[in-house]
Protein chains: 2
Amino acid sequence: MSQQTNDFSKWYIDTIQKADLMDYTPVRGCIAFKPDGYELWEHIQGEMDRRFKETGHRNAYFPMLIPESFFQKEKDHIEGFSPELPWVTEAAGEQLEERLALRPTSETMIGHLYSDWIKSYRDLPLLINQWANVFRWEKKTLPFIRTSEFLWQEGHTAHVDEEDARKETMQMLNIYKEVVEGFLAIPVYDGQKTPSERFAGAVDTYSIEAMMKDGKAVQAGTSHYLGTKFAEAFDIKYLNKENKHVHVHTTSWGTSTRLIGSVIMVHGDEQGLVLPPKIAPTQVVLIPVGPWKKNPAIIEKLDEIFASLKAKGIRVRLDDSDQSPGFKFNEWELKGVPVRIELGPRDLENNQVLLKARDEQDKQTVELGAVVEAIEKELEVMQTRLYDKAKAFRDANSHTHIDSLAQLHEHLATSEQNGTIPGWVLAGWCGDDACESNVKEETKFTTRNIPFNPPTEKHTCINCGKEAQHTVWFGRAY
Amino acid sequence: MSQQTNDFSKWYIDTIQKADLMDYTPVRGCIAFKPDGYELWEHIQGEMDRRFKETGHRNAYFPMLIPESFFQKEKDHIEGFSPELPWVTEAAGEQLEERLALRPTSETMIGHLYSDWIKSYRDLPLLINQWANVFRWEKKTLPFIRTSEFLWQEGHTAHVDEEDARKETMQMLNIYKEVVEGFLAIPVYDGQKTPSERFAGAVDTYSIEAMMKDGKAVQAGTSHYLGTKFAEAFDIKYLNKENKHVHVHTTSWGTSTRLIGSVIMVHGDEQGLVLPPKIAPTQVVLIPVGPWKKNPAIIEKLDEIFASLKAKGIRVRLDDSDQSPGFKFNEWELKGVPVRIELGPRDLENNQVLLKARDEQDKQTVELGAVVEAIEKELEVMQTRLYDKAKAFRDANSHTHIDSLAQLHEHLATSEQNGTIPGWVLAGWCGDDACESNVKEETKFTTRNIPFNPPTEKHTCINCGKEAQHTVWFGRAY
Ligand SMILES: [Zn+2]
Ligand SMILES: [Zn+2]
């Protein structure tokens, strides 16, 4: 059995280290993002940020340190976050009078400031986003997926009423879906979180959920309608057109560097990373093969291809190092480069190159004169193909025929016996917290979300058998 | 006397608040960067980042928390920074075994990791940059210029030898000069810092120094040759071509959000901000005047101009709010928008608009058909004009005729009497720390740098009268 199937965690850790994406550090749960890892984040940032701005949001930056008293103001919020907070207690040789938390998220600091910034309906909607580092001191950490410090963006908006705020909540969830599906080639289910899985302090939380190759879920983005809860806690009011002071309705929404981990766990294979072309730091690698050093025409030709690709904005590298072609093939496959071009003396004679897509077995023979077009086309086709493969995998492991806890247990037993992944289960839920937590306790399956467009409707609760209020995705999650 | 001349600090604080660039927060010395302030930083980032990448650097991200023991490894470094460090001592309800500092800069964490990442000469040069928040808990703070938390970039590179590292140090200083002069329109003196003003742990520090309108200096960027000091402290060695393990030579270099403060203090005037076109969030504002609401052709025409400017990538706004033209003029002048276009019924009849450059007194009459070209040209011309004005101001306040401390005292007395700014003084220095610190004690003039290209050479020490080893800029500094 391969390492990826046999020990997915080990495969993941080995792969991200060998591919040079990150390194551990002596600070518990804090990793260093190496250039190849960080560049994935830069590409994600670029896609997200452009869309935020197109929809009228502007970036700002808020203090990282948050006074303890701010957290006390919204009781659900402090309950949710206090177990994970690191605290600054001393600075410049003196004890602080009040402890300062390293922000786990910025609703409180921003709530405090918005109460000052917002005076009238003319100030609304207030649409602000922040790119920042945040801290959650969690027990179990996993590079990119769950780290003590991570990078993210957090949008914080204020609106005149519920309708406008809910529209924003959905708009941002849709932007997340668009980027994660269209750019990272990761299919997601969008839907609403159950109350127990809500963001601490939210009225409603919505998420997009992605399935990794081990069948576990990653919550790839969340968008929250916060109602007037933070507005009440921080006294954020505006003068409406009727000359009355009323509370604003706020939203917040976030995606983080865990998206890097998701790309790897969704597309990677036994040979290493498989990066969708749109996000790959290097999209094409050119490799001379055969006795190329004796034949300068080969490097000349590759230089020419290099220049043509570069001119088209394609991220290309030429590997003319002294390593053997086989070594180079492995190296660049490990790093997930989408397209490899090989050119040797015999190819040159035949006026052709070999083109290898990272996720396909066979090489294509391409005429030298058509190589740039062929590469462009392959990058496009591969982007779609990776999405389709991921979707086929996700769909094959999304089970809709399980109606009871007994059947779920049976399914899990069969999976374990066959060495297959359990995947996710679409099931009915009566709406009772106790049913949800019993499923979790017995199977470690938690509610992922209540999908907006379930493949089918389920009518009885998987736990108690009563009438279902909701059709819910259940699965194990990171 | 105007507020800017009379009380520069008050003018500065008033201006950045009225122009909506920042807000104070309850956390000592930490400000919120509001969208108009943060966008200035985004434009600076864009210019810097592009140049870093063009010169082969890649971005990465390192943990913000640094174990106390790391600081102990380089003794000059800990001496320099320990008085300003905030410490995390508790996390997730437990006392930490070792205190973790909020990074004031990342040489130590990066040194620790580079010792692992660098094995052979093939790994060199290692050229990495980080965009991050950093903390220096200083007594006196001033928004943008000196805050407890600020945003910056820090480059950290490792090289095979001194020559290569020194070349990098100079290259990055030159990039800083290029961006600050060409993009922010701020003239700078580039040169070497005296030993007492060096970065804690550097062999040599180089800087670019800018003069604010009150005659005080801002160190706008620094680049350090660190020799093998951090390589020795963190055991960063590589196997050279002769098969020997030798220490790398490292550099670091940084610019920060204090550049935002510098732009304001260099170009701002009594009416508010004056933003160089290249950095302005809004470059052009279109304002209908006269009884424009009765004449829909006016807004139609402005919409047309808006679309044409937008298509050219110019950042434009149309202010069709209900405020009076006079109110709008003040508002957009306060925000420093470089070009204003006015169009009213009479202008339309005459087939013209009025164009007002933010830094000029008179309005230009421009034919309607040529308005886009006129705006494009004005943005270009204004960028250069602002640089030229700032340079003329700086040069007029750069004094080269002062040869002794007595003369400096006299100069300061005259300045105070006349209500003029003392500016900077180019003077000789024997190289003795005692002379430097005596000048500082008596006049608060500190050494800015030893310029690479001084306007003239000075031959005697301003303090002791002995032979000068260096020609140095002295001035008061932020
Ligand atoms: Zn039930
Ligand atoms: Zn002297």
Side-chain angles (χ1 to χ4, degrees), chain A residues 20 23 25-28 30-39 41-42 57-67 69-70 82-94 96 99-100 102 109-110 112-113 116-117 122 128 130 132-133 135-139 148-149 151 257 281 321, chain B residues 20 23 25-28 30-39 41-42 57-67 69-70 82-94 96 99-100 102 109-110 112-113 116-117 122 128 130 132-133 135-139 148-149 151 257 281 321:
Chain A
D20 225 19
D23 199 1
T25 78
V27 185
R28 200 176 71 74
C30 293
I31 62 168
F33 293 74
K34 296 181 87 168
D36 278 340
Y38 191 79
E39 189 172 336
W41 183 236
E42 287 184 294
H57 302 83
R58 297 187 71 193
N59 290 326
Y61 187 77
F62 298 91
M64 195 202 67
L65 297 172
I66 301 184
S69 54
F70 279 26
S82 71
E84 314 177 342
L85 297 179
W87 295 98
V88 171
T89 58
E90 318 165 2
E94 289 177 17
L96 299 178
R99 294 195 299 176
L100 301 170
L102 308 198
M109 175 59 79
I110 290 176
H112 170 83
L113 290 166
D116 215 50
W117 298 359
R122 287 186 206 87
I128 289 182
Q130 166 171 260
N133 54 342
F135 292 80
R136 298 183 187 175
W137 218 256
E138 305 196 68
K139 292 248 151 51
S148 303
E149 178 186 16
L151 302 177
T257 36
S321 67
Chain B
D20 227 20
D23 199 1
T25 78
V27 185
R28 201 177 71 73
C30 292
I31 62 168
F33 293 73
K34 296 181 86 168
D36 279 339
Y38 192 78
E39 189 173 335
W41 183 236
E42 287 184 293
H57 302 84
R58 297 186 73 193
N59 289 328
Y61 187 76
F62 299 91
M64 197 205 62
L65 297 171
I66 301 185
S69 54
F70 279 26
S82 70
E84 318 178 338
L85 297 178
W87 295 99
V88 171
T89 59
E90 319 165 1
E94 287 178 18
L96 299 179
R99 295 195 297 177
L100 301 170
L102 308 198
M109 176 58 82
I110 290 176
H112 171 83
L113 290 166
D116 215 50
W117 297 359
R122 287 185 208 86
I128 288 182
Q130 168 171 258
N133 55 342
F135 291 81
R136 298 182 188 176
W137 217 255
E138 304 197 66
K139 292 248 151 50
S148 302
E149 178 185 16
L151 303 177
T257 37
S321 67

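Quick note: numbers below take in every heavy atom, side chains included, and nothing from hydrogens, waters or symmetry partners. Order of the sequence lines fixes the chain letters, A, B, ..., with proteins taken first and strands second; residue numbering starts at 1 for each chain.
- For the pair B:Leu65/A:Glu149, no side-chain contact is recorded, criterion being any heavy-atom separation below 4.5 Å from C-beta on.
- Side-chain contact check for A:Pro281 versus B:Arg58: some heavy-atom pair is nearer than 4.5 Å.
- When the candidates A:Gly37, A:Pro26, A:Ala60, A:Ala32 are compared by the number of heavy-atom contacts under 4.5 Å with chain B, A:Ala60 comes out ahead.
- Contact annotation for A:Trp117: only side-chain heavy atoms (C-beta onward) come within less than 4.5 Å of a heavy atom of chain B.
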Test side-chain contact (heavy atoms from CB on, under 4.5 Å) applied to A:Val88 and B:Phe135, step by step: CA-CA 12 Å; A:Val88 171; B:Phe135 291 81; over 6 Å; no
side-chain contact (heavy atoms from CB on, under 4.5 Å) for A:Thr257 and B:Tyr61? Distances and angles first, verdict last. CA-CA 11 Å; A:Thr257 36; B:Tyr61 187 76; over 6 Å; no
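- Looking at A:Arg99, only its side chain comes within 4.5 Å of chain B, counting heavy atoms on both sides.
- Interface remark: A:Glu42 contributes side-chain atoms only to the contact with chain B (heavy atom separation under 4.5 Å).
- Heavy-atom pairs under 4.5 Å with chain A peak, among B:Glu84, B:Glu39, B:Met64, at B:Met64.
- For A:Asp116, the part lying under 4.5 angstrom from a heavy atom of chain B is the side chain only.
- Heavy atoms closer than 4.5 Å to chain B are found in both the backbone and the side chain of A:Asn59.
- Taking B:Pro67 as the reference, A:Val27, B:Ser69, B:Phe70, B:Glu98, B:Leu100, B:Met109 meet the side chain to side chain contact (heavy atoms under 4.5 Å, CB included) condition, with sequence neighbours excluded.
- Of the two parts of A:Ile110, neither the backbone nor the side chain holds a non-hydrogen atom closer than 4.5 Å to a non-hydrogen atom of chain B.
- For B:Ser148, the side chain to side chain contact (heavy atoms under 4.5 Å, CB included) partners two or more places apart in sequence, or in a different chain, are B:Cys30, B:Trp137, B:Thr141.
- Chain B forms the most heavy-atom pairs under 4.5 Å with one residue out of A:Asp36, A:Ile31, A:Leu96, and that residue is A:Asp36.
- Both the backbone and the side chain of A:Pro63 have a heavy atom closer than 4.5 Å to some heavy atom of chain B.
- Ranking A:Ile128, A:Thr25, A:Leu113, A:Leu151 against chain B, the residue ahead of the rest is A:Leu151, based on heavy-atom pairs under 4.5 Å.
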